[in-house]
Amino acid sequence: MLEEAMRAIAQHGLADLTMSALAERLGTSGGHILYYFGSKDRLLLEALRWSEDRLTEERRALLSRRTAISRRLDAFLELYLPEGPRDSRWMLWVELWARAAGNGELTKAQEEIDLAWQEDLERLLARGVRQGRFGLPEEEVPMAADELLALLDGLSTRVVLGLRGATREGALRTARRAARNAVRPVG
């Protein structure tokens, strides 16, 4: 149900999505969906959490690989960025950002999800520093992670909205360049 909700939100936007249209796609009733979620904001939040839970598993698996730390950082960047315009995962984020300012529950959820990405990236960068692969001073790891994530959010927004000239490939090149500058690879 949440996967279909994610696709419907990406296709139509939350404002234009009706519970009855989603129910029709799912072969159920709008009342059934409202019973479980209560509102479109709650549906958005649960679809986002479902999507992010799947990504967390994937992210943790790639971070635990026995590959060079620089390859794990690159895989992190690739996983973070959207596949292209209207990427369904990223369209959930666009909808969340539009609604979070006036909704404490959505703001709190955004902070929790963001924190998980931040902590994983900080652990990855700190590991690279401890291994002597990154010339970044250890005390700068949180700031470097924060800056990289902010850049990734901006690049992702441009790609997912299909802004002129914004592509996944271009965003990945920019992210890789910024990551190299931030971690100052050694050797």
Side-chain angles (χ1 to χ4, degrees), residues 6 44-84 87-161 163 166-187:
M6 186 169 83
L44 169 66
L45 181 55
E46 293 308 318
L48 180 63
R49 282 187 172 141
W50 175 82
S51 171
E52 287 295 322
D53 286 347
R54 295 177 68 191
L55 276 172
T56 297
E57 290 174 20
E58 193 174 342
R59 185 175 71 242
R60 301 267 164 85
L62 79 83
L63 293 175
S64 66
R65 290 183 191 153
R66 297 185 148 260
T67 59
I69 197 80
S70 59
R71 287 183 192 227
R72 283 182 270 171
L73 177 55
D74 191 65
F76 183 98
L77 301 176
E78 286 187 35
L79 182 64
Y80 198 96
L81 292 167
E83 294 297 318
D87 176 292
S88 56
R89 172 177 68 100
W90 271 97
M91 289 305 295
L92 293 176
W93 278 105
V94 169
E95 292 287 347
L96 178 86
W97 292 332
R99 294 171 176 273
N103 184 317
E105 182 182 18
L106 294 180
T107 299
K108 183 178 181 214
Q110 176 188 345
E111 289 172 346
E112 289 170 5
I113 294 167
D114 285 346
L115 182 60
W117 283 93
Q118 176 85 22
E119 289 173 344
D120 283 349
L121 183 54
E122 284 182 24
R123 276 191 291 276
L124 178 66
L125 298 180
R127 188 174 299 131
V129 169
R130 283 191 306 275
Q131 291 175 357
R133 298 290 184 199
F134 298 155
L136 175 69
E138 192 150 3
E139 65 273 7
E140 291 182 20
V141 164
M143 183 179 63
D146 192 52
E147 289 171 355
L148 280 172
L149 289 171
L151 174 73
L152 288 168
D153 282 344
L155 293 169
S156 296
T157 302
R158 293 177 53 78
V159 170
V160 80
L161 294 178
L163 298 182
T167 64
R168 175 181 169 79
E169 297 75 24
L172 191 52
R173 277 192 307 276
T174 301
R176 285 174 173 152
R177 187 173 45 252
R180 279 191 309 274
N181 290 338
V183 302
R184 302 172 212 135
V186 176

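In what follows, residues are counted from 1 in the order of the sequence shown.
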Identify each donor-acceptor pair in which a side-chain atom of residues 172-187 lies under 3.5 Å from a protein atom, sequence neighbours left out, and give them as a table.
residue	atom	partner	partner atom	Å
T174	OG1	G170	O	3.1
R176	NE	D74	OD1	2.4
R176	NH2	D74	OD1	3.4
R176	NH2	D74	OD2	3.1
R176	NH2	E78	OE2	3.0
N181	ND2	R177	O	3.4
R184	NH2	E140	OE1	3.4

Quick one: closest heavy-atom pair of T107 and A100, and the distance? OG1-O, 2.6 Å
Can you list everything that forms a side chain to side chain contact (heavy atoms under 4.5 Å, CB included) with Q131? Sequence neighbours excluded, please. I69, R72, R127, R133
Which distance, rounded to the nearest 0.5 Å, do you find between the OG of S156 and the CD of E83? 10.5 Å
Chi angles and distances behind the side-chain contact (heavy atoms from CB on, under 4.5 Å) call for T157, L163: CA-CA 9 Å; T157 302; L163 298 182; over 6 Å; no
Give, for atom CG of L44 and atom CE of M91, the distance between the pair rounded to the nearest 0.5 Å. 11.0 Å
How many angstroms lie between CG in D87 and CG in L161, if you round to the nearest 0.5 Å? 11.5 Å
Any idea which heavy atoms bring P82 and R168 closest together, and the distance? O-NH1, 3.1 Å
How many angstroms lie between CD in Q110 and CG in L45, if you round to the nearest 0.5 Å? 11.0 Å
Does E111 reach the side chain of L115, with side-chain heavy atoms less than 4.5 Å apart? no
For Y80, give me all partners under ring-ring contact (aromatic ring centres under 6.0 Å, His included), at least two apart in sequence or on another chain. W90, W117
Under the salt bridge (charged side-chain N to carboxylate O under 4.0 Å, His left out) test, residues paired with R60 that sit two or more places apart: D120
Considering only residues two or more places apart or on different chains, which pairs with a residue in residues 124-145 satisfy ring-ring contact (aromatic ring centres under 6.0 Å, His included)? none
How would you list, by chain and number, every residue that makes a side chain to side chain contact (heavy atoms under 4.5 Å, CB included) with R71, sequence neighbours excluded? T67, A68
Working for side-chain contact (heavy atoms from CB on, under 4.5 Å), residues L121 and D146: CA-CA 9 Å; L121 183 54; D146 192 52; over 6 Å; no
Residues passing the side chain to side chain donor-acceptor pair (under 3.5 Å) test with E105, sequence neighbours excluded, are R42
Should R49 and E52 count as an ion pair when the cut-off is N to O under 4.0 Å? no
Judged by atom type as modelled, is there a donor-acceptor pair below 3.5 Å linking the side chain of R59 to the main-chain atoms of F76? no
If the condition is side chain to side chain donor-acceptor pair (under 3.5 Å), which residues does Q118 pass it with, not counting sequence neighbours? E122
Only counting residues at least two apart or in another chain, list the ones meeting side chain to side chain contact (heavy atoms under 4.5 Å, CB included) with T167. E169
Using the test side chain to side chain contact (heavy atoms under 4.5 Å, CB included), find all partners of M6 that sit at least two apart in sequence or belong to another chain. W50, S51, S88, L92
Validation row: I113, L48 side chains within 4.5 angstrom (heavy atoms): yes
With sequence neighbours excluded, tell me which residues meet side chain to side chain donor-acceptor pair (under 3.5 Å) with R99. D41
Looking only at non-hydrogen atoms, find the nearest pair between A171 and L155 and report the distance. O-CD1, 3.5 Å
Carboxylate-amine/guanidinium proximity below 4.0 Å for E58 and R54: no
Start with the C-alpha gap between V94 and V160, add the side-chain angles, then the distance that decides, and say whether side-chain contact (heavy atoms from CB on, under 4.5 Å) holds. CA-CA 9 Å; V94 169; V160 80; 3.9 Å; yes
